[in-house]
Amino acid sequence: MTTPIGRLLVVGLGLIGGSLALGLKQRGGCRTVVGFDINPAEMDEGLHRGVIDEKAEELFQAVYDADVVVLAVPVKVMEGVLADIRNAIRPETILTDVGSAKGNVVEAARRVFGEVPANFVPGHPIAGSEKSGVSSAKATLYEHHKVILTPLSETDRFALKRITQMWESVGAEVHHMNVQRHDEVLAATSHLPHLLAFSLVDTLANDHENRDIFRYAAGGFRDFTRIAASDPMMWHDIFLANSEATLKVLKEFSKGVDQLRTAIEQRDGQHLLGVFTRAKSARDHFSKILTGTAYSLPMTDKNITFKVKPGGTVSGEVRVAGDKSMSHRSIMLGALAEGVTEVEGFLEGEDSLATLQAFRDMGVVIEGPYKGRVTIHGVGMHGLKQPPGPLYVGNSGTAMRLFAGLLAGQSFNSELTGDESLSKRPMERVAVPLRSMGAQIETGEGGCPPIRIRGGATLKAIDYKMPMASAQVKSCVLLAGLYAQGETRVTEPAPTRDHTERMLSGFGYEVSREGAVARLTGGGKMTATHIDVPADISSSAFFMVAAAITPGSDILLKHVGINPTRIGVINILQAMGADIVLQNEREAGGEPVADLRVRYAPLKGINIPEDQVPLAIDEFPSLFVAAACADGVTTLTGAEELRVKESDRIQAMVDGLKVLGVDIEGTPDGAIIKGGQISGGRVDSLGDHRIAMSFAIAGLRANGEIQIDDCANVATSFPNFVDLVRSVGLDIEVKG
Ligand code: S3P
């Protein structure tokens, strides 16, 4: 509990000062609130409305008697007020203000006092509305709003703490920032939009047809110009006070408008579309930040827990979200192709959206995604532009490693970053072959992200024998090979997913494959195409296992990608006795697809053949659950790669299944799992999407509730998992 302020004086009883007074009074943040306003009627109104307890008859005396003084007067008169009260401020009085521009208030204080007093805490609540006056005061105005305090090095720590507490006690979120930064940020986010709104309304109002214009003005006009009804004098003051930062951002803005004008004159639709799609995605992204769901937020900030009630059966028909591997690649290759590529079935998960954004950052115009449809305006092999900053690829190892290959061949420098989990994953596995091609590439500490790539290197083809079975490494080298002189060859120790090779062919780039070797020659080009992304077999796997372990289940999974390099999960489950039937097998956009019907059948433990491991590499977390429900022992070997996925998946599953009473032992390259009864308990997904989803389906065979912590990352690969899994019969609740 913080001690309430004794006597608080609010100088200037407008919306801002009045709302603070009222909020403090109602929440007991202050014993007595005194109000002063140059207009006596405002003080009477404040008293009458209960906004203040007392009105100050005389400013000097009121300041002298106060413990905290809040200056809520227009920025223009701040200096005059400071001069008037200068000698009334006792050493223990704390002084703060609410001005929208901070640099000039601090300068005013310096002029009046000789130096900025230590007990002066400059501040700015980011709240308010187009309304003004004490009659609009609202006790809740600051709830969940930000207040920026801009302390100087000489500001007293106690005074800063007191003012921080004052704002927190009316529900605000307090941030500290330096004065100059504050003024720049506010010029961009508040002052410029107000200027534009005033200017637009004024321009239209001056039009002699203005009656019609205003009569037919609809939502867009109203949304854009609401703030033009703000207090003119206050904004007059703000622009004069924060002129430097405002002019800087206005210049940038004018440049953008000039470019749009030229684009309209020259009928340059590409430019218009580029600006609009980037702006739309930035605006959507902004809304997501505000609701806490942006893909670029560190996922660990979000605390999502699944609670699964035991039992149930699984039935129905579902089409799970689009394949993640193909979604990433569709954007990458579509961007580098010549012409317009249409993608259907694109996975709108956080990882593939991050890839899409990264290409927008490199100047590619991408429309959508809209219900899985994306339109990519390819820029050709050499059309990417230097991004304005590091490219953020979220949780995705695939994106980071494939980007590394692509970026190694560009003329510009680049940097790749990711979330906390990705920042711990090994990147030297791609840096090593890329260096031998001549790329200039650096990884961070311990060979982990960030990856920094120097542009302009001349790449030469290599003949690379991969030390591990990794489609990501293979794809990275092949993508760099597009830019290399000569024929790049990659040999894999075991077959891995071949979406890159297939999709390159689909874009008309010749790739030859013979046994374990994939080859291509650099310097070619790609032509836009149409891509139909099938449902992700990795996401379907949770439903396959769910039906396979639960008596009475019968489910149809539609349009699932059954590329032979991905069907390890089907082969392994069938070897365990699962009843999986492939129906309606067909081809869609160069990839085989089928509907999968899965019905319950008792499972038995097996030794998982090592040749199936790379073909089921992402499905082991759910296969561990299947093994835990099977009769007998299942042994997995040759799967050490699982230890460097989004989490150490062997450890994560061993630890979690042990908590759930399963007899399981981890080995360096796999695990030994003895089937039996799964009990309830609380497990940690370690922020790994597939671990979270696997424990969720374990609930079907558990005899108690399973709570799974840290599940936010499910959105990286399977944003509608909870809805879908519920629709087929799982009793799952989401907390957080
Ligand atoms: C992927 C390859 C696999 C897989 C990952 C997606 C790809 O990784 O685990 O989820 O799209 O190329 P490795 O190639 O490193 O095994």
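In each ligand, atom 1 is the first atom listed, and ligand 1 is the first ligand listed. The model shown is predicted, which means the values in this text are computed figures rather than measured ones.
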Below 3.5 Å, N or O to N or O, backbone or side chain included: is there any such pair between [X] and ligand 1?
X	answer
K645	yes
S475	no
I617	no
R329	yes
S325	yes

*Would you mind telling me which of T496, D618, D536 makes a side-chain hydrogen bond (donor to acceptor under 3.5 Å, both in side chains) with R566?*
D536
*Run down the list D618, D351, T500, T565 and name the one with the heavy atom closest to atom 4 (C) of ligand 1.*
D618
*asked:* Show, in sequence, the C-alpha distance, side-chain angles and deciding distance for R401 and S470, and conclude whether the side chain to side chain donor-acceptor pair (under 3.5 Å) test is met.
replied: CA-CA 11 Å; R401 293 175 180 137; S470 167; 5.6 Å; no
Donor-acceptor list for residues 591-598 side chains, cut-off 3.5 Å, not counting sequence neighbours:
unit_1: E591; atom_1: OE1; unit_2: N563; atom_2: ND2; d: 2.9
unit_1: E591; atom_1: OE2; unit_2: H499; atom_2: ND1; d: 2.9
unit_1: D595; atom_1: OD1; unit_2: H559; atom_2: N; d: 2.8
unit_1: D595; atom_1: OD1; unit_2: R586; atom_2: NH2; d: 3.4
unit_1: D595; atom_1: OD2; unit_2: N584; atom_2: ND2; d: 3.3
unit_1: R597; atom_1: NE; unit_2: D554; atom_2: OD1; d: 3.0
unit_1: R597; atom_1: NH2; unit_2: D554; atom_2: OD2; d: 2.7

*Do the ring centers of F359 and F403 come within less than 6.0 Å of each other?*
yes
*Starting from atom 6 (C) of ligand 1, which protein heavy atom do you reach first, and at what distance in Å?*
T398 OG1, 3.1 Å
*Any atoms of ligand 1 less than 4.0 Å from a non-hydrogen atom of S470? List them with their elements.*
13 (P), 14 (O), 15 (O)
*Answer side chain, backbone, both or neither: which part of R497 comes under 4.0 Å from ligand 1, heavy atoms only.*
side chain
*Taking atom types as modelled and ignoring hydrogens, do the side chains of S622 and R690 form a donor-acceptor contact shorter than 3.5 angstrom?*
no
_Pairing donors with acceptors under 3.5 angstrom, does anything connect the side chains of T398 and Q472?_
yes
_Show every side chain to side chain donor-acceptor pair (under 3.5 Å) that has at least one partner inside residues 433-442, sequence neighbours left out._
E428-R435
*T496 near ligand 1, heavy-atom distance under 4.0 Å?*
no
